[in-house]
J.: 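Structure below; questions to follow.
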Amino acid sequence: MAPPLSPLRLELMRRMQAGATAGQVFTWSDFADLGPHEIVERHLLRLAAAGETAYEASRKSGDWEPFFADFRVMRVARGIYYSPVRNRMTKRPTVPIAENVVAAVVSRLGGRWLVPPEAAAHELGITNLVPARLVVETCPSSDDLGHSAVFRSGGSGPSGVRG
């Protein structure tokens, strides 16, 4: 029998389920009012470890029903998590939207980022071409010169984002 869940873990799960939409990501700062950073991060890591274990078991067996039987949290990068939802066509877990991951990383660093023209044209409906990669330019702050990163879609593993 599984041990009972702590009130903090139950509250994390409740908030993530209430705010979970396809592709949305969460950081520990979304739950800063629940307690100190170390404790919230530890509970998020434990939820993500259980999600990773279930993901690997379902991927090996090809049966995704057990994966979606319980609430799952997956880790994208350090301090960035998402709750996968079932894709209607493939019946497999969805991956977070790359722009949401970038926004979470850049906001954690205290900066801003620019949407590349190709992605903006696609979002506005000017073109139906989907960019194969997302090039992110961050705005320089007072203490650095700005950075550029390239994210490719369809990466290996549950995150689907590689840098």
Side-chain angles (χ1 to χ4, degrees), residues 1-109 113 115-116 119 122-123 129-136 138 147 149-163:
M1 185 164 108
L5 296 175
S6 71
L8 177 60
R9 192 170 303 181
L10 288 172
E11 181 63 18
L12 285 170
M13 292 168 61
R14 187 190 66 75
R15 286 194 189 181
M16 287 179 120
Q17 283 177 324
T21 58
Q24 182 178 356
V25 296
F26 302 93
T27 63
W28 75 266
S29 60
D30 295 329
F31 311 106
D33 61 316
L34 295 178
H37 169 259
E38 295 82 18
I39 295 173
V40 172
E41 184 73 20
R42 187 178 321 129
H43 281 281
L44 286 170
L45 280 171
R46 288 179 183 162
L47 284 169
E52 292 287 333
T53 303
Y55 178 85
E56 287 301 320
S58 293
R59 187 179 63 81
K60 287 179 184 173
S61 71
D63 181 19
W64 291 98
E65 290 303 319
F67 180 79
F68 289 108
D70 293 324
F71 177 74
R72 301 289 181 204
V73 175
M74 304 292 280
R75 182 177 173 200
V76 177
R78 183 176 178 195
I80 302 173
Y81 304 89
Y82 78 104
S83 177
V85 295
R86 184 188 307 250
N87 184 304
R88 291 186 309 228
M89 293 180 66
T90 64
K91 307 295 186 222
R92 297 184 69 170
T94 57
V95 296
I97 297 171
E99 288 87 352
N100 293 350
V101 174
V102 170
V105 169
V106 173
S107 69
R108 186 174 63 185
L109 298 174
W113 66 288
V115 176
H122 176 69
E123 291 293 321
L129 299 175
V130 179
R133 61 187 182 144
L134 174 65
V135 178
V136 177
T138 60
H147 302 283
V150 178
F151 293 86
R152 290 173 181 75
S153 300
S156 62
S159 68
V161 179
R162 293 185 293 202

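For clarity, every value in this text was computed on a predicted model and none was experimentally measured.
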J.: How close do Arg72 and Ala50 get, heavy atom to heavy atom, and via which atoms?
T.: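 What the structure gives for the nearest pair is NH1-O, 4.1 Å.
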J.: Which residues satisfy the side chain to side chain contact (heavy atoms under 4.5 Å, CB included) test with Arg59, sequence neighbours excluded?
T.: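 Applying side chain to side chain contact (heavy atoms under 4.5 Å, CB included) to Arg59 gives Tyr55, Glu56, Trp64, Arg92.
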J.: With sequence neighbours excluded, tell me which residues meet side chain to side chain contact (heavy atoms under 4.5 Å, CB included) with Asp63.
T.: Ser61, Glu65, Pro66
J.: Could you pull out all residues at least two apart from Leu45 that satisfy side chain to side chain contact (heavy atoms under 4.5 Å, CB included)?
T.: Glu41, Arg75, Tyr81
J.: His37: which residues meet the ring pair (Phe, Tyr, Trp, His ring centres under 6.0 Å) condition with it, sequence neighbours left out?
T.: Trp28
J.: Provide the closest heavy-atom pair for His122 versus Leu129 in the form atom of the first, atom of the second, distance.
T.: ND1-O, 3.4 Å
J.: Quick one, Phe31 with Leu44, criterion side-chain contact (heavy atoms from CB on, under 4.5 Å). Give me CA distance, side-chain angles, the key distance, then yes/no.
T.: CA-CA 10 Å; Phe31 311 106; Leu44 286 170; 4.3 Å; yes
J.: Which residues pass the side chain to side chain contact (heavy atoms under 4.5 Å, CB included) test with Pro36, not counting sequence neighbours?
T.: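 Listed in chain order: Glu38, Ile39.
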J.: Measuring from Leu12:CG to His43:NE2, what's the distance to the nearest 0.5 Å?
T.: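 Output value for this atom pair is 7.5 Å.
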J.: Looking only at heavy atoms, which two atoms of Val101 and Ile80 are closest? And how far apart?
T.: O-CD1, 4.3 Å
J.: Just jot down the side-chain hydrogen bond (donor to acceptor under 3.5 Å, both in side chains) partners of Ser29, sequence neighbours excluded, or say none.
T.: Thr27
J.: According to side-chain hydrogen bond (donor to acceptor under 3.5 Å, both in side chains), who are the partners of Ser58, at least two apart in sequence or on a separate chain?
T.: none
